[in-house]
Number of protein chains: 2
Amino acid sequence: MSDFPVSFTGGYSRPVPKPESASLDFAVDRSSPVPLYYQLAQQLESAIEHGRLAPGSLLGNEIELAGRLGLSRPTVRQAIQSLVDKGLLVRRRGIGTQVVHSQVKRPLELSSLYDDLQAAGQSPATRVLRNETEPASAEVAAALGIAEGSEVQVIERLRLTHGEPMAYLCNYLPAELLDLDSARLEETGLYRLMRGAGITLHSARQAVGARTATAEEGEQLMEPEGAALLTMQRTTYDDTGRAVEYGTHIYRASRYAFEFQLLVRP
Amino acid sequence: MSDFPVSFTGGYSRPVPKPESASLDFAVDRSSPVPLYYQLAQQLESAIEHGRLAPGSLLGNEIELAGRLGLSRPTVRQAIQSLVDKGLLVRRRGIGTQVVHSQVKRPLELSSLYDDLQAAGQSPATRVLRNETEPASAEVAAALGIAEGSEVQVIERLRLTHGEPMAYLCNYLPAELLDLDSARLEETGLYRLMRGAGITLHSARQAVGARTATAEEGEQLMEPEGAALLTMQRTTYDDTGRAVEYGTHIYRASRYAFEFQLLVRP
DNA sequence: GACATCACATTGTCCTGACATGTGGGGTTT
DNA sequence: AAACCCCACATGTCAGGACAATGTGATGTC
């Protein structure tokens with residue numbers, strides 16, 4: 001299947017185990033403002049995604065690839081490295097670079113529930129239950145790294161799909177960070193609004209647990225009392241290290257589970 | 001399209017970027033087999049960890065740093081980049097590189113419960129309930145990507161801390177992959193044994209959910225029937241893309257929660 | 001005083017070149 | 001035939017330079 005006649009290596013010294021990627025029409029546009037390594041990385045990723053680069057196949061050596069594209073080896077290496085970081089390629093010294101053959105999905109982004117649901121075609125809806133400011137409790141102040149009693153914005157939302165509740169979300173933000181319109185909150189996710197306001201999200205610390213539902217929680221989520229609930233607490237930081245959001249979320253375990261992909265960092 | 005430019009980049013004053021270019025005594029050892037960029041990265045990480053590089057402080061420009069250490073700029077950049085990937089540093093064109101000031105922990109490694117507990121000083125113990133081979137069920141075969149009915153090794157374990165059960169773990173491995181001694185399984189984690197056998201773990205796909213305990217589960221974990229349980233299913237792949245392990249784990253929600261750090265990939 | 005402009009500092013990108021190190025095949029020796 | 005050695009090959013590491021892009025702050029202009 002993956003062995004085909006060797007033509008360009010000139011049959012010189014060794015049979016070559018599996019030469020691949022011989023004549024994929026990679027080409028870069030030097031007049032484009034997009035970095036060259038990035039153009040190449042995207043073309044490689046696309047080729048992998050569409051099966052033009054078979055899983056397990058070798059990528060051909062960097063020097064030859066650089067020469068064919070008119071690029072320098074560091075540029076090609078940068079492109080390859082970015083895909084290695086994504087988990088699409090594996091490098092082996094002395095062997096070559098090959099396409100990993102597993103169903104690698106997105107490696108756990110800092111995603112909003114809203115986007116997740118939308119991507120799954122679930123047509124999410126949001127009902128804003130509360131949107132106002134209040135003095136920070138000790139717990140919230142500690143999570144956001146601010147003084148207890150400072151004003152924070154509190155948002156309580158119910159997330160629904162197909163008319164049924166899916167999760168109850170409670171978020172706290174430093175008061176002056178952002179003015180949040182309830183109408184906009186019902187149309188999109190919180191993270192998208194924050195990004196739109198010039199806040200660059202950088203990292204988050206999460207804790208995922210479980211507990212049984214109280215009577216009120218059950219009523220709100222249309223679950224019986226004592227049903228299993230999936231809980232998550234998350235503190236999100238921007239690129240200056242400032243905490244910009246703290247949230248306590250409750251999901252119906254019967255209708256939601258966290259799925260994600262991990263990569264090992266060598 | 002997630003980000004769109006909005007002019008509300010408020011005049012909120014950021015804490016002054018201290019132009020602090022600490023002249024720490026970084027030095028590399030050229031006679032060492034350890035790569036120079038790696039030596040530098042470790043020294044930087046250590047300096048950040050121990051507070052010798054204050055959060056928010058600038059790192060001094062790359063060219064000057066390279067000159068001071070007798071290294072080339074690409075080497076210094078490689079060191080810095082590795083810390084940026086870890087989330088410890090942030091680069092800004094035109095500004096400089098600064099230490100992010102948040103309590104960044106390990107960004108969610110592919111960790112074993114055993115190591116996690118050991119790191120937390122919990123002195124974990126393992127009781128192997130079952131360790132034998134059986135034909136793969138449809139579910140297991142699908143997860144491992146092998147034929148239904150192939151022999152797989154089944155391991156059922158109870159993980160305890162302080163004499164109390166913490167989790168029930170059930171794992172399936174392709175039969176010929178590894179010979180697992182029950183005695184060794186009681187002394188360490190499964191992943192450590194696999195790594196020791198020359199298997200390089202590469203990625204994993206996880207699902208975390210919750211449900212209530214059945215009577216038998218409750219008895220095994222010393223929880224009442226109906227208690228909330230945290231469930232996880234995980235398929236682990238090695239660097240060739242082969243599935244090497246599939247596991248179904250059940251944790252006592254009253255005693256365990258998943259905690260992890262996420263990084264946004266730009 | 002408000003605003004546009006320019007110089008400067010710093011990272012981003014890209015190049016050429018060199019040597020080191022681990023892998024695996026083929027030839028040689030035992 | 002089996003064991004060993006050697007060498008080509010691929011990636012890993014490192015150097016040094018050049019120019020581009022961008023945020024900051026000072027300068028100048030209206």
Side-chain angles (χ1 to χ4, degrees), chain A residues 6 8-21 28-41 57-67 69-85 89-98 198 200 239-240 266, chain B residues 5 9 11 13-14 16-21 28-41 57-85 89-98 198 200 239 266:
Chain A
V6 186
F8 67 94
T9 48
Y12 175 53
S13 60
R14 67 172 196 173
V16 183
K18 276 193 217 168
E20 291 270 343
S21 87
V28 293
D29 176 12
R30 280 186 180 274
S31 66
S32 162
V34 180
L36 301 179
Y37 79 90
Y38 195 79
Q39 292 183 39
L40 176 55
S57 64
L58 291 176
L59 204 60
N61 76 59
E62 300 168 346
I63 308 200
E64 189 266 345
L65 184 57
L69 292 173
L71 298 173
S72 71
R73 190 178 161 216
T75 302
V76 172
R77 275 185 68 81
Q78 193 172 3
I80 292 177
Q81 188 59 46
S82 71
L83 296 186
V84 171
D85 290 339
L89 298 177
V90 178
R91 323 179 84 142
R92 283 178 220 270
R93 178 187 292 202
I95 308 290
T97 304
Q98 56 186 150
T200 58
D239 54 4
T240 69
Chain B
T9 54
S13 69
R14 291 236 161 109
V16 185
K18 295 171 260 183
E20 164 189 344
S21 174
V28 294
D29 174 13
R30 278 182 183 275
S31 67
S32 163
V34 181
L36 301 179
Y37 79 90
Y38 195 80
Q39 292 183 39
L40 176 55
S57 64
L58 292 175
L59 203 59
N61 76 58
E62 300 168 348
I63 305 192
E64 189 263 348
L65 184 57
R68 199 147 46 104
L69 293 174
L71 298 172
S72 70
R73 189 178 163 217
T75 302
V76 173
R77 275 184 68 81
Q78 193 172 1
I80 292 176
Q81 187 59 46
S82 71
L83 297 185
V84 170
D85 290 339
L89 297 176
V90 178
R91 325 178 80 141
R92 284 176 216 271
R93 181 185 295 201
I95 309 292
T97 304
Q98 57 185 155
T200 57
D239 55 3

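Treat the numbers as computed from the prediction; the structure is a model and nothing was measured. Residue numbers begin at 1 in each chain, while the letters A, B, ... track the order of the sequences.
Whole-Å rounding puts the B:Asp29 CG to D:dT13 P distance at 17 Å. Atom CZ in A:Arg73 sits about 13 Å away from atom P in C:dA18, given to the nearest Å. The distance from atom CZ of A:Arg91 to atom P of C:dT21 is 18 Å, rounded to the nearest whole Å. Atoms CG (A:Leu36) and P (C:dC15) sit 6 Å apart, rounded to a whole Å. With rounding to whole Å, A:Ile95 atom CD1 is found 10 Å from D:dT11 atom C1'. Counting to the nearest Å, the P atom of C:dC14 and the CD atom of B:Glu62 are 16 Å from each other. B:Arg30 places its CZ atom 15 Å from the P atom of D:dT13, with the value rounded to the nearest Å. Here D:dC14 presents its P atom at 16 Å from CD of B:Gln81, a figure rounded to the nearest Å.
In this structure, the side chain of A:Gln39 engages the main chain of A:Val34 through a donor-acceptor pair within 3.5 Å.
The residue B:Gly70 sits close only to the backbone: its heavy atoms come under 4.0 Å of sugar-phosphate atoms, none of a base. Using a 4.0 Å heavy-atom cutoff across all strands shown, A:Thr75 reaches sugar-phosphate atoms only and no base atom.
Looking at B:Thr75 and B:Leu40, their side chains never come closer than 4.5 Å, going by heavy atoms from C-beta outward.
Considering only the side chain of B:Arg77, C:dT13 comes nearest among C:dG22, C:dT13, D:dC14.
For the pair B:Tyr37 and D:dC14, the criterion of a side-chain N or O lying under 4.0 Å from OP1 or OP2 is not met. Close to D:dA10, at under 4.0 Å from its OP1 or OP2, lies no side-chain N or O of A:Thr97.
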Working for side chain to side chain contact (heavy atoms under 4.5 Å, CB included), residues B:Val84 and B:Gln81: CA-CA 5 Å; B:Val84 170; B:Gln81 187 59 46; 4.0 Å; yes
Verdict with reasoning, A:Arg30 to A:Leu71, per side chain to side chain contact (heavy atoms under 4.5 Å, CB included): CA-CA 10 Å; A:Arg30 280 186 180 274; A:Leu71 298 173; 3.6 Å; yes
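Along DNA chain C, the nucleotide nearest A:Arg93 and the nucleotide nearest A:Val76 are compared for position; the residue whose nucleotide lies closer to the 5' end is A:Val76. With DNA chain D read from its 5' end, the first of the two nearest nucleotides for A:Arg92 and A:Pro74 is the one closest to A:Arg92.
When all heavy atoms of B:Ala41 and B:Leu83 are compared, the closest pair comes out as O-CD1, 3.7 Å.
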